[in-house]
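What you see is a predicted model, and the numbers here were worked out from it, not measured in a lab. Numbered from 1 within each chain, the chains take letters A, B, ... in sequence-line order.
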Protein chains: 6
Amino acid sequence: MIIDVHGHVSAPEGLYAYKANLLAHRGYHGRGKIGISDDQLRSAVETGGGRHGPSHLDHLEIAGIDIQLISPRPYTLMHSEEPAKIVQWFIEETNDLIYRICNLYPEKFKPMAGLAQTPSTTPKEWTKELYRCVQELGFVGTLLNPDPYEGLKPPPPLGDKYWYPVYEALCELDVPALIHSAGCRPPARESYSLHFIIEETIAVASLLESQVRNDFPELKLIISHGGGAIPYQIGRFLPAAARSTDGDTYYDRLRTLWFDTCLYTQESLDLLLKTAGTDRCLFGSEKPGTGSMVNPKTGRWFDDIKLLIDEIDWLTSDDRNAVFENNAKKLFHI
Amino acid sequence: MIIDVHGHVSAPEGLYAYKANLLAHRGYHGRGKIGISDDQLRSAVETGGGRHGPSHLDHLEIAGIDIQLISPRPYTLMHSEEPAKIVQWFIEETNDLIYRICNLYPEKFKPMAGLAQTPSTTPKEWTKELYRCVQELGFVGTLLNPDPYEGLKPPPPLGDKYWYPVYEALCELDVPALIHSAGCRPPARESYSLHFIIEETIAVASLLESQVRNDFPELKLIISHGGGAIPYQIGRFLPAAARSTDGDTYYDRLRTLWFDTCLYTQESLDLLLKTAGTDRCLFGSEKPGTGSMVNPKTGRWFDDIKLLIDEIDWLTSDDRNAVFENNAKKLFHI
Amino acid sequence: MIIDVHGHVSAPEGLYAYKANLLAHRGYHGRGKIGISDDQLRSAVETGGGRHGPSHLDHLEIAGIDIQLISPRPYTLMHSEEPAKIVQWFIEETNDLIYRICNLYPEKFKPMAGLAQTPSTTPKEWTKELYRCVQELGFVGTLLNPDPYEGLKPPPPLGDKYWYPVYEALCELDVPALIHSAGCRPPARESYSLHFIIEETIAVASLLESQVRNDFPELKLIISHGGGAIPYQIGRFLPAAARSTDGDTYYDRLRTLWFDTCLYTQESLDLLLKTAGTDRCLFGSEKPGTGSMVNPKTGRWFDDIKLLIDEIDWLTSDDRNAVFENNAKKLFHI
Amino acid sequence: MIIDVHGHVSAPEGLYAYKANLLAHRGYHGRGKIGISDDQLRSAVETGGGRHGPSHLDHLEIAGIDIQLISPRPYTLMHSEEPAKIVQWFIEETNDLIYRICNLYPEKFKPMAGLAQTPSTTPKEWTKELYRCVQELGFVGTLLNPDPYEGLKPPPPLGDKYWYPVYEALCELDVPALIHSAGCRPPARESYSLHFIIEETIAVASLLESQVRNDFPELKLIISHGGGAIPYQIGRFLPAAARSTDGDTYYDRLRTLWFDTCLYTQESLDLLLKTAGTDRCLFGSEKPGTGSMVNPKTGRWFDDIKLLIDEIDWLTSDDRNAVFENNAKKLFHI
Amino acid sequence: MIIDVHGHVSAPEGLYAYKANLLAHRGYHGRGKIGISDDQLRSAVETGGGRHGPSHLDHLEIAGIDIQLISPRPYTLMHSEEPAKIVQWFIEETNDLIYRICNLYPEKFKPMAGLAQTPSTTPKEWTKELYRCVQELGFVGTLLNPDPYEGLKPPPPLGDKYWYPVYEALCELDVPALIHSAGCRPPARESYSLHFIIEETIAVASLLESQVRNDFPELKLIISHGGGAIPYQIGRFLPAAARSTDGDTYYDRLRTLWFDTCLYTQESLDLLLKTAGTDRCLFGSEKPGTGSMVNPKTGRWFDDIKLLIDEIDWLTSDDRNAVFENNAKKLFHI
Amino acid sequence: MIIDVHGHVSAPEGLYAYKANLLAHRGYHGRGKIGISDDQLRSAVETGGGRHGPSHLDHLEIAGIDIQLISPRPYTLMHSEEPAKIVQWFIEETNDLIYRICNLYPEKFKPMAGLAQTPSTTPKEWTKELYRCVQELGFVGTLLNPDPYEGLKPPPPLGDKYWYPVYEALCELDVPALIHSAGCRPPARESYSLHFIIEETIAVASLLESQVRNDFPELKLIISHGGGAIPYQIGRFLPAAARSTDGDTYYDRLRTLWFDTCLYTQESLDLLLKTAGTDRCLFGSEKPGTGSMVNPKTGRWFDDIKLLIDEIDWLTSDDRNAVFENNAKKLFHI
């Protein structure tokens, strides 16, 4: 069985037309309603033909994914837009759609929330939606954007106490957060997609030089996209950690976090699994998404990660089960 | 016959989902394509049931409108977003959709353009799309937003030479511009809808204290929504004009502009027609739009302006023909 | 009898020389004193020949005004200057001069205050001068500037709780406020005079979409210059109000405010009186002021509003009395 | 005979009321006119009783001043206000008044100009008024403000080539400039009066470490108030100059400038005359002004500088004639 | 033979005391001189005992490095400090010291330059020092900082034409640049060391989505620290490149750049060599530097990269020679 | 006996290399250690040959100085750098070095502290180091920088209550503060050295127009460099003080402060001693420092202030003892 912890919702156009409208009227028309029917929801999941080719369900089928955790598409979340209420409305509506889709396909999808992390509201306020989603709607976890300013100015890093109200809520609810940034505004040099990698890199570095792992030993943070640059650049961090007095190597610290496998080359997956350990990695594909294209040279989908993992020969059967299924079950209680 | 010079396109959700996507990826996915079929275009115009009740075509039918000039919905135009190319893409795509709709209903709709008036590009550059629309696609006029910063900081006012490249293009192409602002960003105190009124007020005041009417005697500028506050507040401007040496009263100056009738009360229409003269007013309803609701006390649509004009008893038959039809025909060559 | 609720003080040059000096030394010379004698005060009111032609008293005589409420000239109030103390000094000195003038002409003038609404002080602090003027000096009301930043950045709108300390003081003292903005700094596109219209427009819109009318049912706010654009543009606001659940039309809401008649054309006065009702309009002329010029075509003073109202034929005698006299008496307790 | 090179005009209140009005309407009323009669000008000069006690003429009489060069009061010049045209209008009007006063008292007063040094205009543009004043109106010199930003941000220092167009005009016209700053805006810590001292200090330091003295050997710059801090702090500058290769000591450099005697203690005058030399000092009193008060302990006017110089015993008769009269005659050609 | 292309100079304290002094006096003491003797230079290279333990030469000995290319220590370069001249002075002095050290140890060290990339000067101006170093002093290459603002705001990315003057100079001189950022100012979340990784990541992504490889086919850019995150995250970039029309895969594009081996774990080196190819990798250790500590668990130096490469079993002898020696010889002409 | 209250430490290059390093890594390497031996400290004090010629001890010998109070070199203090901790580390390390040097030469040097006056910390927090230095290390006083922003924006002036926590600590500890600014950042027009003079000028003016002398009658503030411009410009301040009601002349106020003699010309020293009084002046030379050069015309050191004072003939023997020795002993309890 394969559980994919990193999937994003395929929603009908109506959701994004709703968002465009919020950005146009800036809240003056009120929250309004999204008139999306269950049929439209099903169609969004079951119909292919667009940018990604096959339908969402077909993608899962092709890649052998049995269960996928689906969250809002991060780059659409617009945390830094004003006024805060339009961000809140959009994210709540998105969570509600995810809830409905998961109810339509209870065997296939599990819901992951987005939070309205607007700069003018506090982390404590952000958790209200987390409580609603988990306690009222049965969500199994949430996205957490380490950069609510979306690239414009540096927020407090994840190791800062600024973030503790979120960590407290995660621990109290016993759900994981998938660390994943959202948009990236001009005049940044990087695309939102590269911004993900940068933010994950800063997130890991900040967390591992902070006291978070000591202050929240039960906290479950999963770093998207295989941890940004850190597993590859880990050598740079080994000496400073070796000088510290707590006796932990940087490898020890790294293994207080979890990582998804959302990397599309075998060499990278090999490095990740060796560096973080198979007990700290969870299958994640972001499918359908950035990697959903057939490699013209191999005929394989770039984002068919299962095939890549299958070919890593040093993995034991237990290793594979852990990465594909058991780690996710334990973390998400599914 | 009734020609409505102030209508906005009713587009399928796909257009706005496309816009939302541009704002999310900020251009990194490239321009992409809007996959909207002719059937979807027809459905957007012929199907009712949403915010405005009846379909667009039904609205025109109910209100007795024979021909409507349709432009992009101004509050969706997002002139101030970055990078400029996403604004350009969206507005060009919108113009293309308008072109297609007008071709589907050639007897009913005539196309009016939107221009990508981004702060980082020049007015000269904005006119490139105007030339394309008029010369290649047969558009009969264009919107012109006097506030491309969308409320954040003051742009040069319409009387400033900054705007002359646009006026030159309008004169060369012999098409009118409908002065109409677009969005209004936080932390402004006003909604985009009130921002329209403010911008039109400033536009008229600036134009009439400038040399534009002398430098461009052939320029055809139509002020939306009955000229903002100016016809009502005209008394405030009479003394200063009377002191000037050119011999024109402020009424004379006012009558170098045109005004649409997009006001929803009889007293206001009466004041406008008396103040600007029936030879300077053009029927405009913005239908379906802000006023598309049935007044529960009268059973009439708030935006059924024809009924209101019909009840103004001092208008001659020629006056009515001018406002309803002839002025528009002359100005737009239709 | 005619009571003009919108007049501004005609002060000797010494007051403005004092202001110029404050702006030059920025408070370092201390508050100083304005050495203006009663004779100078009388001369400022009784001597003509300047920009406005006849003397202030002659203007009132010509226009048939029996009593005028005089406040500081708003465009001189410089609320946004720093340090706050120079604003406070100037406005207190101005109020004191108004007090002296009203004592010299007790049958002709009634005092209206200005408040030092500086951005670095709180609305609560602003009311201290209001209490002094009303309780110690017998003032009958006050100006209230909805834009203390004078055009540079948006302040909280009048519907915001930011303003409640002022409303509480007005209710406790049972005096009206005349909503009237002051200066307008570069690089704004509009003159201070047009800024008045814009600010009144935003003021009405904000108040009528807020809870102020419910939270302060006894509050008496008079909107200058006939309410900016709103009576003319009221149609734009009818549908949204009709959708709201409180059962009030936008006309009902509008009639929780008062309006002066400071408009200089008959069509506008007609529209205002019909739209707001004669029980909500007060005679106001701003005389001598912007409109104080003889129309070369008619030989009438532009700002002779009484003549214009006299010619509105549908007004009853009671209507005229209300507008000219009775509404003011009731509101101001004079 | 005593020639006072540092006097400022005593103008009627009308001039400052005019200025206050410009600041209030920001140019929207146009330039307007100052209706000041010759009688009012005479009264402003011949009538005492205000802040400074005796009349301006009486002050000169008391202090034994035969001829005084009068310029605008610097702290009123508001160089940093916007739009630039109101600054220009005010300064031109002030220069015109000075011209008229000097024509009324041709034996007593000689005119010195002010320049509209606004940040949005260039030094080249500033000189237009200098040419007008000198060539058309017979002015003998001008003020020059080293800080047109009035304390808000650092302008280029006087040694910078930015200022060369002004120096070229001064040399071409063969007139001196009195270096004297104007206003000082919040949130500066210093009063405008202390700002004078600071600006003169920076001015001398910048000039003497620059190439100005080499590039403009004919340039005549007089530093107000005895040179700020420099003559007292000169020791601090001697070593660096001694290290330079041009062979000039800092004393040599200092003596390429001129200094007025506007200091009110004998010790300071003594130091100045010794440090700069009697051939580089010109009698200047700023009378009536900051020092125009009778010292209660001595019964003397604080600003009676002649008395103080008289008591410096080491001065020869030639020295005294140079400082009181001859240096000024030579520099100003009077 | 082992050539290390990524070494930084070990300079005497006098160099940094000189820098501290420049930052303190901001250029007012002039450029001054660094009085460092050859003995002090030798001592800095040959004496150990500090942060890094053994001496610089001993480090090379231990690690088996025969020749090292030494450049300024990047994190000391302070490109964003003002005024620009102090940056220029410091960097020129540093280059001169490097030149002297290389002359003292001509068999051991080859010089690499730093450039004064200050925000207030142009890339064209930066190249002046490059020409001096290469043409007059025989330098073999240079550092190039992709982020001269040191983290405060985004500069144009390396794919932008802004950088073309530098690329032109590199091509004309036929020398490589080592892409390596410098400082990282507060309030950034990352250390300068992590900033290196982020900047290299952005640098590669920007270069490979631009036309630089086509416009400068001879350009030799070496990315420090194994290319930041890109070789590990390469899967993310494969699909977009596969969609492009030029027929190059992202691997093809990647191989238009060079990479150093400055990574301290065998898994990472393995991934880099496989991903970029042994013909595109150059031995680089940054020794002595961040990694210069003995791993307490293994007894090895963290930055002994030769040992790690030796243990990668799939490398052929030619591969090893290429990485250790031949690629560097070809690129640097040494 | 001569006690010099204004000396700055001569420290080994290692201190400034340490500072340069802090500015480069911005705290990421941690505080680290300065490995400076006692021999290096002795060498820094006893070895000449640099910028100032003779050694520090020789300078004192030449100038006849028996005891010198040494503080950090102010222009190196970088109060405005971020993050605050690097400022704190550097200043604490500097204080510790001063302590060690004073212990090595207990007859020659007495320690004066520097405080980490960073903009992001409070004056209360700054005093922690003052308590440590005085109570634990026996320091006799401290520097106090009136401009912790180092020229970028105006801080609260010394007369403001913002500074009271520092004054309270000084009084409680019964130690004097030497008012002395530090760096001066671009784009200021003045060098740090001229900035000292400006800051001292503003400091005195602010203190003497405030209530500090009344609120802290025991406070001992010494103004460096002879009080900036104030003793020379004192005439400007006499009239306003004479108008005040407290009966004190400005001379009285001035004499609530102390002044050092750090001026390098006899005329200036003469003026200072007359103006402030010999009981308020303390010998201070800043030696070796700005003035440490031999005047090529006289063969004397510019900063040999004792020679200059010796030549002031009106001083009594008691006056000389007070200035050279007794005032310092009393104030500093040495």
| said: Test your reading of the model: is there a side-chain donor-acceptor pair from A:S285 to the backbone of A:I305, 3.5 Å cut-off? | reply: no
| message | Check whether B:E200 reaches the backbone of B:H180 with its side chain - one donor and one acceptor, N or O, closer than 3.5 Å. | response | no
Return the option, out of [options], with the maximum number of heavy-atom pairs under 4.5 Å with chain B.
options: A:Y18, A:Y16, A:Y192, A:Y75; answer: A:Y75
options: A:E150, A:H25, A:K19; answer: A:H25
options: A:P186, A:G35, A:S193; answer: A:P186

| field | Beyond-backbone contact of B:L57 with B:F109, side-chain heavy atoms, under 4.5 angstrom | value | yes
| note | Whatever's closer than 4.5 Å to a heavy atom in chain A on B:Y28 counts as side chain
| said: Strictly below 4.0 Å, N to O, side chains only: are A:R26 and A:E81 in salt-bridge contact? | reply: yes
